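A short worksheet on the structure shown next.
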Number of protein chains: 2
Amino acid sequence: MKKITIGVLSKQSGVSADTLRYYERLGLIKPLRSASGYRHYGSDALRILCFIRGAKALHFTLQEIGDLLFLDASDKTTCAAVLKKTATKIREAEEKIEELHEIKKLLEKLTKACPGDETSAEACPILDHLCHGPSHKHAEHA
Amino acid sequence: MKKITIGVLSKQSGVSADTLRYYERLGLIKPLRSASGYRHYGSDALRILCFIRGAKALHFTLQEIGDLLFLDASDKTTCAAVLKKTATKIREAEEKIEELHEIKKLLEKLTKACPGDETSAEACPILDHLCHGPSHKHAEHA
DNA sequence: CTAAACCATAGAGTATACTCTAAGGTCAAG
DNA sequence: CTTGACCTTAGAGTATACTCTATGGTTTAG
C-alpha cells in the first residue's frame, strides 16, 4: 500500500499537519515512521480522518471519537456499544435544545416588553430582568 | 453606605473570592480599596453580581455582560442598544437549536437503522455514516 | 553541494471562565 | 504579641481543540 507523508495527507484531507500531530497525540491515528522519523500514513488514514470529521459534526468530542475508533478497530465491537454512545448524544442534544428554547423564549419576551427606542435604559425591562432575575420577582432596588 | 470585604461578599453572593477578583480583572466590578489594599464592595456589588448571573444564564459571555453593564451605567444608554444585543443572542440561540435538531434527527435515523444487538460493528450504519459522511454518499471503501 | 521545501520535537499561545498555588501582608481575639 | 483567619499579588493549572514558535534534522531539485 502507498505511504504518504504528513504534508501530503494534510493537503488531501484538508486537516493541517499540526492537527494531524495533535490527533496522533490523542491516539486517534497512528502512522508508521520512516528510518529518519518521518510519519508515513497508510491508505486507512483518509478514512479515519473522514470518520473524525463526521463524528465531530455530530458533536462527538475527540475523546469520544477515540473510543468509537477503538470500537471500530476492535474484534469484539458490538453495535450495542455504539448505540449506547449515540443515545447519550441524542439526550445531550435534546437537553441543549430545551435549554436554548427556554433562553430564546425569555429573550423574546423581554424584547417584546422593551420599548426599543432611544430613551434611557434605566427602566429597560431586559436589563431589569438580568438584574433581578426570573427567580426572585421582587428584590430590593439597592 | 456599608462596605464589605471580598470574603463577606463571596458568602452573600455565592460567588467565590477568586471569581470576584477575576470579574474585577475583566472590569465587571470595581471595588474601592482600604488603606491596606483590601477590596471594599459597596451596596451595588450584589446587584451587579445578580445581573451577571442573570445574563450568564441567558448565555451572554462575560465580555458581553461587561458591555451591558457599561451601558447600564452610562447616561447615554439606550434601550435600542440592549435590544440589538438581545436580538443577536436570539439569533444565536435559533442557529444552535437548528443545528442540534439536525444532529438529533440524524442520530435518531442512524439509531433506527442500527440492529443494536451484540453482533460485530463492522457493518454498523452509525460507524459507517461517520466514516463516509452525509455529504458524499459513496466514497471508495479504501 | 547547496538551498528550498519539508519534516521532527517540545512547549507556549488562543479562547472562555474560572480555580488553585505560592509567598507574603493585615486584622481581630486573647 | 502571637495565632489564626483573612487579605494581597502574580502566575500556573483545568478543559477542549487546536495553532504557532523555536530549533534543528531530512529530502529533493538544480
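Throughout, a chain's letter reflects where its sequence line sits, starting with A, and its residues are numbered from 1. All figures in this text were calculated on a predicted structure; none of them were measured in a lab.
Between B:Glu24 atom CD and D:dC7 atom P there is a gap of 13 Å when expressed in whole angstrom units. Remark: C1' of D:dA17 and CG of A:Leu26 are 8 Å apart, rounded to the nearest angstrom. At whole-Å resolution of the value, CD in B:Gln63 and P in C:dT14 are 16 Å apart. A straight line from CD1 of A:Ile29 to P of D:dA17 spans 16 Å, rounded to a whole angstrom. In this structure, OH of A:Tyr22 is placed 16 Å from P of C:dA10, rounded to the nearest angstrom. Protein atom CZ of B:Arg53 is 16 Å distant from nucleotide atom P of C:dA17, rounded to whole Å. Here the C1' atom of nucleotide D:dC6 and the CG atom of B:Leu20 are 14 Å apart, to the nearest Å.
Electrostatic pairing of B:Glu92 and B:Lys96 does not count as a salt bridge here, judged by no charged N lying under 4.0 Å from a carboxylate O. Under the 4.0 Å criterion applied to side-chain N and carboxylate O atoms, B:Asp44 and B:Arg47 are not assigned as salt-bridge partners. Contact check on A:Glu102 versus A:Lys105 returns a salt bridge, with a Lys/Arg side-chain nitrogen under 4.0 Å from an Asp/Glu carboxylate oxygen.
Only B:Ile6, B:Gly7, listed by number, bring a heavy atom of residues 6-18 of chain B to less than 4.0 angstrom from any atom of DNA chain D.
The shortest heavy-atom contact between A:Ala17 and A:Ser10 is N-OG, 3.5 Å.
Summary of helix geometry: the two end axes of the helix from C:dC1-D:dG30 to C:dG30-D:dC1, each defined by five base pairs via their C1' atoms, are inclined to each other by 30° (rounded to 10°).
The shortest side-chain heavy-atom distance between B:Lys104 and B:Leu107 does not fall under the 4.5 Å cut-off.
Base engagement by B:Arg21 is indicated by at least one non-hydrogen atom pair under 4.0 Å involving a base atom.
Considering only side-chain atoms of A:Arg39, the nucleotide from C:dT9, D:dC7, D:dC18 that sits closest is C:dT9.
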Show, in sequence, the C-alpha distance, side-chain angles and deciding distance for B:Leu49 and B:Leu20, and conclude whether the side chain to side chain contact (heavy atoms under 4.5 Å, CB included) test is met.
CA-CA 9 Å; B:Leu49 291 176; B:Leu20 290 173; 3.6 Å; yes
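The distance from atom CG of A:Asp67 to atom OG1 of A:Thr61, rounded to the nearest 0.5 Å, is 7.5 Å.
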Report, one pair per line, the protein and nucleotides 24-27 of chain D atoms (nitrogen or oxygen only) whose separation is under 3.5 Å.
residue, atom, partner, partner atom, Å
D:dG25, N2, A:Tyr38, OH, 2.7
D:dT26, O4', A:Tyr38, OH, 3.1
D:dT26, O3', A:Ser36, OG, 3.2
D:dT27, OP1, A:Ser36, OG, 2.8

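A close approach under 4.0 Å does not occur between any side-chain nitrogen or oxygen of A:Thr19 and OP1 or OP2 of D:dC18. In this structure, A:Thr61 does not reach the D:dT16 phosphate: none of its side-chain N or O atoms is under 4.0 Å from OP1 or OP2. Distances shorter than 4.0 Å separate some side-chain N or O of A:Tyr23 from OP1 or OP2 on D:dC18.
Mapping B:Leu62 and A:Arg33 onto DNA chain C via the closest heavy atom, the residue that lands nearer the 5' end is A:Arg33. Both B:Gly37 and B:Arg25 lie near DNA chain D, and the one whose nearest nucleotide falls closer to the 5' end is B:Gly37.
For the salt bridge (Lys or Arg N to Asp or Glu O under 4.0 Å) test with B:Glu64, the passing option among B:Lys56, B:Lys89, B:Lys85, B:Lys84 is B:Lys89; the others fail.
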